[in-house]
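On a predicted model such as this, the values are computed, not experimentally measured, just so you know.
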Protein chains: 2
Amino acid sequence: MVVGLPKSDRKTFPGPGFDEEEVDLIFHALADRTRRDIMGKVSQGEQSISDLARQYEVSFAAIQKHVSVLERASLVTKRVDGRQKLVQNNPETLRRATNLLAEYERIWTHRINAIGQILDQEKTEERKIR
Amino acid sequence: MVVGLPKSDRKTFPGPGFDEEEVDLIFHALADRTRRDIMGKVSQGEQSISDLARQYEVSFAAIQKHVSVLERASLVTKRVDGRQKLVQNNPETLRRATNLLAEYERIWTHRINAIGQILDQEKTEERKIR
DNA sequence: CAAACCTACAACCATTTAGTTGTAACTTAG
DNA sequence: CTAAGTTACAACTAAATGGTTGTAGGTTTG
C-alpha cells in the first residue's frame, strides 16, 4: 500500500519536462473564467494591469491577483514600462501545456484501449476497432 | 466599460462545445496530483474506489471525494458491479479537453504573433495608447 | 513641486477545498 | 443469518481561494 506522492517530485514523465508542481499551477491557473478571459485579452496585445482591471467588475487588486496566478504558472510575463507593467502572454508555456495534456490523453487513453481489448474477450469483433 | 462574465454562459467558443462551467470543472479536476495519478491508474483498467484508496496514504473518503471531482468533470465514470463501483476513465472528455486546450493555444498565440509585429512597429507611439 | 496614476502588498472576510472521523445501508462470503 | 467488505454521506477542521479596502512607493504630468 501507499504510494506517497512527495510534495514536489521533479521528473514525473511527459515530454515537455514539467514537474508536478508546475502542472498543478498551470491547470489551476486555467481553471478560472476570469483568468482565461485575461489570457484572451492579453493575446491581442500587451495590456497594463489597470487596462485589464478597467474591463472587469471586480477591483484592481482582484485582477492583480489573477495576473499573479497566471504569472506564477508562467502563462504570462510582466514587463515594466514606466509607471505601468505590461502583461503579455507566454506562448511557450501554453504550447508546453498543450503538449502535456495531449501526452496525458495519449497515455491515459492508449492503455484503456489495450485493457479494453483484454476485458472485451467476449466481444471478439469489437477488438478490431481502430 | 465592464464585461461581466455571467455566472454561466453557454457557448463561449471553442470547437468541442464546452461551456465555461465545464472548462472550470475539467481544469480544476486536473490541477491536483492525486487526481491525475488516479486518472493514470484507472487508465490501466477499471478499479473500485477501495482498490484506489488502498494505493494512497489518505483515507477512503478522501479518495472517494477525488473520484467525485473527476466524475463531476466527466473525466471518469462509475459503473456498479455488485457491492463495488468500478471507476473507469472517460476518453471522450479527455479528448475534448485536449482539443479545447489546443484551440486555446491556437487562439491565444496566433494573435500575439500578429500583434507582436504591430507592436514592434509602433514601439514609438506607445504614448497615445495610455 | 504637487497631483494624479499605477502597482505592490498587507489585513481582513466569506467561501471552497481537501482532509478527517463516524454512521448507515447495501452486497457478498461463510 | 452473520460478518466482513464497499460505498455514501454528514459533520467537522485547517488551509487555500477569491474577493474586499487601505496604505505606501515609484513615475508621469501639469
- Task: Considering just the side-chain nitrogens and oxygens of B/S50, establish if one lies under 4.0 Å of OP1 or OP2 belonging to D/dT7.
- Result: yes

- Any A/Q64 side-chain nitrogen or oxygen under 4.0 Å from OP1 or OP2 of C/dA8: yes

- Supply the atom-to-atom distance A/R79 CZ to A/T77 OG1, rounded to the nearest 0.5 angstrom. 9.0 Å

- Message: Expressed as a whole number of angstroms, how long is the span from A/Q84:CD to D/dT28:P?
- Response: 9 Å

- Message: Angle between ring planes, A/F27 versus B/F27, binned at 30° and 60°: parallel, tilted or perpendicular?
- Response: parallel

- Note on the structure: In whole angstroms, the gap separating P of C/dT27 from NZ of B/K85 amounts to 11 Å

- Rounded to the nearest 0.5 Å, what's the gap from CZ on A/R35 to NE2 on A/H66? Could you check? 6.0 Å

- Task: Give a yes/no answer on whether the side chain of A/R54 brings an N or O atom under 4.0 Å of OP1 or OP2 in C/dC6.
- Result: yes

- Item | Nucleotide of D/dT17, D/dC9, C/dA18 approaching A/H28 most closely (side-chain heavy atoms) | D/dT17

- Note on the structure: Taken to the nearest whole Å, CZ/B/R35 to P/C/dT17 is 9 Å

- Item | Atom-pair distance (CD on A/E46; P on C/dT7), nearest Å | 12 Å

- Task: Nearest-nucleotide wise, let me know which of B/I49 and A/A61 is further upstream toward the 5' end of DNA chain D.
- Result: B/I49

- Between B/A62 and B/R72, just flag the one whose closest nucleotide in DNA chain C comes earlier from the 5' side. B/R72

- According to a strict under-4.0 Å criterion, is A/H66 in side-chain N/O contact with OP1 or OP2 of D/dT17? no

- Within this structure, what is the CZ-to-P distance between B/R33 and C/dA18, rounded to whole angstrom? 13 Å

- The reported gap from OG1 in B/T98 to CH2 in A/W108 (rounded to nearest 0.5 angstrom) is 9.0 Å

- From CG of B/D32 across to P of C/dT17 the rounded distance in Å is 12 Å

- Message: In whole Å, I'd like the distance from the CG atom of A/L86 to the P atom of C/dA8.
- Response: 11 Å

- Query: Reckon A/K65 touches a base, only the sugar-phosphate, or nothing at all at heavy-atom distances under 4.0 Å?
  - Reply: base

- Query: Taking for each residue the nucleotide of DNA chain D with the nearest heavy atom, is it B/R83 or A/I63 whose nucleotide lies nearer the 5' end?
  - Reply: B/R83

- Starting at atom CG of A/L52, determine the distance to atom P of C/dA8, rounded to an integer number of angstrom. 12 Å

- Query: Knowing that exactly one of A/I49, A/L70, A/N89 qualifies, which makes a side-chain contact (heavy atoms from CB on, under 4.5 Å) with A/I38?
  - Reply: A/L70

- Task: Determine the contact category for A/S59: base if any of its heavy atoms lies under 4.0 Å from a base atom, sugar-phosphate if only primed atoms, P, OP1 or OP2 are that close, otherwise nothing.
- Result: base

- Message: On DNA chain C, does the nearest nucleotide to A/K78 precede the nearest nucleotide to B/A31 from the 5' side, or the other way round? Give the residue.
- Response: A/K78

